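Let me begin by presenting the structure, written as structure tokens, before commenting on it.
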2 protein chains.
Amino acid sequence: MVSAPLDTIERPNAAKERLRLWIRLLRASRLIESELRERLKRDFDSTLPRFDVLAALYRQPDGMLMSDLSRFLLVSNGNVTGIVERLVKDGLVSRAAREGDRRTSIVKLTAAGERRFTEMAAAHEAWIEEFLGDVSLGDAERLSATLKTFRSNWEDGH
Amino acid sequence: MVSAPLDTIERPNAAKERLRLWIRLLRASRLIESELRERLKRDFDSTLPRFDVLAALYRQPDGMLMSDLSRFLLVSNGNVTGIVERLVKDGLVSRAAREGDRRTSIVKLTAAGERRFTEMAAAHEAWIEEFLGDVSLGDAERLSATLKTFRSNWEDGH
DNA sequence: GTATGAAATTTCAAGGTTGAAATATTGCGG
DNA sequence: CCGCAATATTTCAACCTTGAAATTTCATAC
């Protein structure tokens, strides 16, 4: 007599519990995102997508291609075009031609962009601490680990 | 000699851990959202915001005002106007005048909308189970509880 | 060298999102 | 009744987002 696979042994409401988890996950991230959006606008006249691009570029001082940004940020190519366009107009980001391949150009933070980003990043960290400060270190570690596992499994399968 | 407040006793990387938690939370919900969006489009020629509105109305057979929807879904008033407009055009939702107050109208699912929603909801549940099936029941409960606590604290303070 | 397919990017239409301003209606104090 | 603040909603400009089509450049087989 073989045993049933693990998932049929789970209490029958496991699926319901995971559905509830998704709904709460979504609501939590929307709450935080909307508060972040509001404050980025208020304090820096900026937006979350712009902040994301600056953060990505900050980690790569040698610059990134448009497609690098798109892949890293999980947004479409066409989307990146518009956001970078506006950041260039604001003087926070530069695009330099790349010899050897005229299809691409390297996107980098300007000095102003780097200054700007460090200000925004400091505020951002403080805000997150304000929002999530009540989550204990232990809970944060557990949650974080679960989400990491989820994402690894996801990306292996897709 | 008094002791320092609790949060200064925590290991100094607690803030970093919570920041990491936020980043993973955001990435996880974006991954899932984007997969859901794609499938709603593919299988039902619909969108996540439309699904959200249908779900809200399904829970309230007597109908909701525009402002009820806006409050419940955490999106702006103007936003709801457009989404409901399109759902009406699709015949999934109706708006009925309300005597006694000509500013408002009651938004309800039509019979077609109800049929449509139950199809979508079944697919939605299966998809979430597909995405999150690897999260154990225990983890799901813990995570869910943490997120619920976070939201309660948040909403008390804001 | 030249077609031709691959790769990187841009353009575009449709929709979602916000916050602020504009409209319409109600309710109420005087 | 009349004015006027409060309430419910719509309109609007600006931005974000996607997926598909168009464009440009590269690389390679012939």
Side-chain angles (χ1 to χ4, degrees), chain A residues 26 29-54 63-90 92-93 95-107, chain B residues 26 29-54 56 63-90 92 95-107:
Chain A
L26 184 57
S29 71
R30 282 190 181 168
L31 268 178
I32 298 178
E33 265 192 280
S34 112
E35 190 70 24
L36 283 181
R37 199 181 322 116
E38 201 175 314
R39 295 186 182 196
L40 281 173
K41 178 81 186 267
R42 184 193 65 193
D43 294 351
F44 297 99
D45 190 31
S46 189
T47 67
L48 205 44
R50 274 138 136 131
F51 177 75
D52 289 341
V53 167
L54 296 181
M64 300 174 81
L65 303 184
M66 298 299 274
S67 41
D68 293 336
L69 280 169
S70 164
R71 202 171 319 110
F72 181 73
L73 298 175
L74 308 176
V75 300
S76 68
N77 263 332
N79 192 353
V80 175
T81 298
I83 297 170
V84 167
E85 226 163 47
R86 286 166 213 122
L87 286 172
V88 168
K89 198 169 55 181
D90 292 346
L92 303 181
V93 147
R95 300 189 61 169
R98 207 170 58 128
E99 50 200 300
D101 192 338
R102 266 178 303 182
R103 290 170 302 181
T104 63
S105 54
I106 296 192
V107 184
Chain B
L26 184 57
S29 71
R30 282 190 181 168
L31 268 178
I32 298 178
E33 265 191 281
S34 113
E35 190 71 23
L36 282 181
R37 199 182 321 117
E38 201 176 316
R39 295 186 183 197
L40 282 173
K41 178 80 185 270
R42 184 192 64 194
D43 294 352
F44 298 99
D45 190 31
S46 189
T47 68
L48 206 44
R50 273 138 136 130
F51 178 74
D52 289 342
V53 167
L54 295 181
M64 300 174 81
L65 303 183
M66 297 299 273
S67 41
D68 293 337
L69 281 168
S70 164
R71 201 171 319 110
F72 180 72
L73 297 175
L74 307 176
V75 301
S76 68
N77 262 332
N79 192 355
V80 175
T81 298
I83 298 169
V84 167
E85 225 164 48
R86 285 167 213 122
L87 287 172
V88 169
K89 197 169 56 181
D90 292 346
L92 303 181
R95 301 189 59 170
R98 207 169 58 129
E99 49 201 301
D101 191 340
R102 268 180 300 184
R103 291 170 303 182
T104 64
S105 55
I106 295 194
V107 184

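Chain naming here is simple, since letters A, B, ... match the order of the sequence lines and numbering starts at 1 in each. Quick caveat: nothing in here was measured; it's all calculated off a predicted structure.
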Q. Is there side-chain contact between B/T104 and B/M66, with at least one heavy-atom pair below 4.5 Å?
A. no
**Q.** Nucleotide D/dT24, atom C1' - distance to CE of A/M66 in whole Å
**A.** 15 Å
Q.
Within the 4.0 Å heavy-atom criterion, would you say B/L48 contacts the bases, only the backbone, or no part of the nucleic acid?
A. nothing
**Q.** Note, B/R50 side chain near B/L92 side chain (heavy atom, < 4.5 Å)
**A.** no
Q) What is the distance from CZ of B/R98 to C1' of C/dA24, rounded to the nearest Å? A) 15 Å
Q | Nucleotide C/dT18, atom C1' - distance to CG of A/L40 in whole Å | A | 14 Å
Q: Could you tell me the separation between the NZ atom of A/K89 and the P atom of D/dA14, rounded to a whole number of Å?
A: 10 Å
Q. Quick one: on DNA chain D, does A/L74 or B/T81 contact a more 5' nucleotide (nearest heavy atom)?
A. B/T81
Q) Taking the side chain of B/P49 as its heavy atoms from C-beta onward, which of D/dG19, C/dT17, D/dA8 lies nearest to it? A) C/dT17
**Q.** Closest nucleotide among D/dC26, C/dG19, C/dG15 to the B/S76 side chain
**A.** C/dG19
Q. Tell me, do B/L65 and B/I106 make a side-chain contact under 4.5 Å, heavy atoms counted?
A. yes
Q.
Rounding to an integer number of Å, can you tell me how far B/I106 CD1 sits from D/dA8 P?
A. 13 Å
Q: Nearest whole angstrom, please: distance from the P of C/dA8 to the CG of A/L69.
A: 14 Å
Q.
I'd like to know if the side chain of B/S46 and the backbone of B/K41 have a donor-acceptor N/O pair within less than 3.5 Å.
A. no
Q. Is there a donor N/O on one and an acceptor N/O on the other, under 3.5 Å, for the side chain of B/R103 and the base of D/dT9?
A. no
Q.
With heavy-atom distances below 4.5 Å as the criterion, would you say the side chains of A/V80 and A/V53 are in contact?
A. no
Q: Send over the distance from A/F44 CZ to D/dC15 C1', rounded to a whole Å.
A: 20 Å
Q: Could you check whether A/T47 gets within reach of a base, just the sugar-phosphate, or nothing at all, counting any heavy atom under 4.0 Å?
A: sugar-phosphate
Q.
Reading DNA chain C from 5' onward, which residue's closest nucleotide shows up sooner: A/R95 or A/K41?
A. A/R95
**Q.** Among D/dT17, C/dT10, C/dT26, the one nearest A/I83 by side-chain distance
**A.** D/dT17
Q: For the pair B/N79 (side chain) and B/S76 (backbone), establish whether a donor and an acceptor sit closer than 3.5 Å, ignoring hydrogens and angles.
A: no
Q.
Taking the minimum atom-to-atom distance to the side chain of B/R50, which one of D/dG19, D/dC26, C/dG15 wins?
A. C/dG15
(Q) Measuring from the side chain of A/D101 (C-beta onward, heavy atoms only), which nucleotide among C/dT9, D/dT9, D/dC26 has the closest atom? (A) D/dC26
Q) Expressed in angstrom and rounded to an integer, what is the separation of B/E38 atom CD from C/dG15 atom P? A) 18 Å
Q: Looking only at side-chain atoms of B/T104, point me to the closest of D/dT11, D/dC26, D/dT9.
A: D/dT9
Q. Are OP1 or OP2 of D/dT18 and a side-chain N or O of A/N79 less than 4.0 angstrom apart?
A. yes
Q: Would you mind telling me which residue lines up with the more 5' stretch of DNA chain C, A/R37 or A/N77, judged by nearest nucleotide?
A: A/N77
